[in-house]
Amino acid sequence: MNVLALETATDQGSVALWRDGVLLSRECPAGEQSSLTLLPLVRAMMAEAGLAMADLDGIAFGAGPGAFTGLRVACGVAQGLAVALDRPVLPVVTLEAMADADGSPQVAVYLDARMNEVYCGAYRRVGEVLELQGAITVCPPAEAPLPAAGDWAVCGNGVPAYPALSQRLAAWPLGGQRVPTAAAVARLAAPRLARGEGLDPALAAPLYIRDKVALTVAERLAQGGKA
């Protein structure tokens with residue numbers, strides 16, 4: 001099973017290749033648009049692995065939530081490649097990928113959503129499966145749901161980004177997983193693609209959670225920003 005994974009939900013984009021359980025991953029160059037660097041990075045990684053694009057069995061991508069533009073980049077590239085190769089696609093929720101990479105049995109994930117909000121999701125590992133507890137939400141840090149009672153870990157760049165949230169979560173250990181990675185997307189996607197859970201590329205879509213893209217001028221001024 002050869003699976004290509006793309007993750008551009010945050011500024012730290014990455015690509016990964018799952019090859020029968022062996023992972024190869026690369027990060028997009030810092031400070032450059034992932035829309036310009038993603039495909040060259042994929043081609044270089046595939047060449048390093050000695051594989052042609054036609055050797056892929058499927059393409060996975062981080063579906064969101066995350067940055068609006070970034071989600072569209074990963075989804076669009078995955079769709080384009082999958083159509084050209086006649087392969088299935090597999091969307092993976094970014095918060096689930098972060099929880100899986102953290103490795104704890106119970107993980108509450110807080111991803112910076114900008115605009116003074118965080119994406120929140122809690123996952124419990126049941127066997128080999130991560131089960132979402134409740135729903136994924138987006139809210140101000142002061143209103144973010146806290147982990148349920150029990151032995152929970154927390155992860156995500158939303159915790160250090162907002163002191164109000166960091167203080168509220170001081171009782172829980174903060175893991176090292178800050179942003180979603182293509183490697184985690186690939187690990188989750190490979191067994192699902194092997195089970196035939198891939199989608200027709202036309203059905204792939206980002207998971208936005210939030211409809212609003214940016215603050216208005218009045219909202220920025222109210223928060224002490226500039227017009």
Side-chain angles (χ1 to χ4, degrees), residues 7-14 27 30 62-71 74 91-185 187-188 206-227:
E7 172 49 62
T8 57
T10 68
D11 291 338
Q12 189 177 322
S14 58
E27 289 189 1
F68 279 62
T69 300
L71 298 183
V92 173
V93 177
T94 53
L95 302 190
E96 182 185 1
M98 293 173 67
D100 184 68
D102 179 88
S104 301
Q106 299 183 129
V107 189
V109 185
Y110 302 90
L111 183 65
D112 187 4
R114 308 290 177 87
M115 296 168 57
N116 197 39
E117 291 185 323
V118 288
Y119 295 115
C120 311
Y123 291 86
R124 177 176 289 125
R125 193 177 299 276
V126 180
E128 298 298 318
V129 178
L130 280 169
E131 294 185 352
L132 177 64
Q133 308 299 296
I136 295 173
T137 59
V138 59
C139 58
E143 301 174 10
L146 299 179
D151 187 16
W152 284 79
V154 302
C155 73
N157 63 0
V159 181
Y162 298 104
L165 181 57
S166 180
Q167 292 171 8
R168 296 178 65 218
L169 292 169
W172 288 274
L174 177 61
Q177 194 63 36
R178 296 292 187 266
V179 296
T181 64
V185 170
R187 280 194 298 268
L188 288 171
L207 176 65
Y208 289 123
I209 301 298
R210 181 175 66 191
D211 294 328
K212 190 169 184 177
V213 180
L215 296 174
T216 65
V217 171
E219 289 168 334
R220 289 199 300 273
L221 290 173
Q223 294 184 8
K226 298 180 179 180

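What's counted below: heavy atoms across the whole structure, side chains too, no hydrogens, waters or symmetry copies.
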Contact between [X] and [Y] at the side-chain level, heavy atoms closer than 4.5 Å - yes or no?
X	Y	value
Ile136	Pro65	yes
Pro180	Val93	no
Thr137	Pro145	yes
Arg168	Leu146	yes

inquiry  = Within a 6.0 Å radius of atom CG on Asn157, are there more than 12 heavy atoms belonging to other residues, nucleotides or ligands?
reply    = yes
How close do [X] and [Y] get, heavy atom to heavy atom, and via which atoms?
X	Y	value
Leu71	Ala9	CD2-CB, 3.6 Å
Ala108	Trp152	N-CE3, 3.8 Å
Ser14	Ala182	OG-N, 2.9 Å
Val92	Ala97	CG1-CB, 4.3 Å
Ala144	Val118	CB-CG2, 4.1 Å
Leu165	Gly158	CD2-O, 3.5 Å

What's the separation between atom [atom1] in [X] and atom [atom2] in [Y], rounded to the nearest 0.5 Å?
X	Y	atom1	atom2	result
Cys155	Tyr110	SG	OH	9.5 Å
Tyr119	Thr94	OH	OG1	8.5 Å
Asp100	Gln177	CG	CD	9.0 Å
Ile209	Leu111	CD1	CG	11.0 Å
Gln12	Arg178	CD	CZ	11.0 Å
Gln133	Tyr123	CD	OH	10.0 Å

message = What I want to check is whether the side chains of Tyr162 and Asp112 have a donor and an acceptor closer together than 3.5 Å.
response = yes
message = If we ignore hydrogens and angles and just use 3.5 Å, is the side chain of Thr181 paired with the main-chain N or O of Ala184 as donor and acceptor?
response = yes
key: Side-chain donor/acceptor of Glu131 to backbone N/O of Arg124, under 3.5 Å   = no
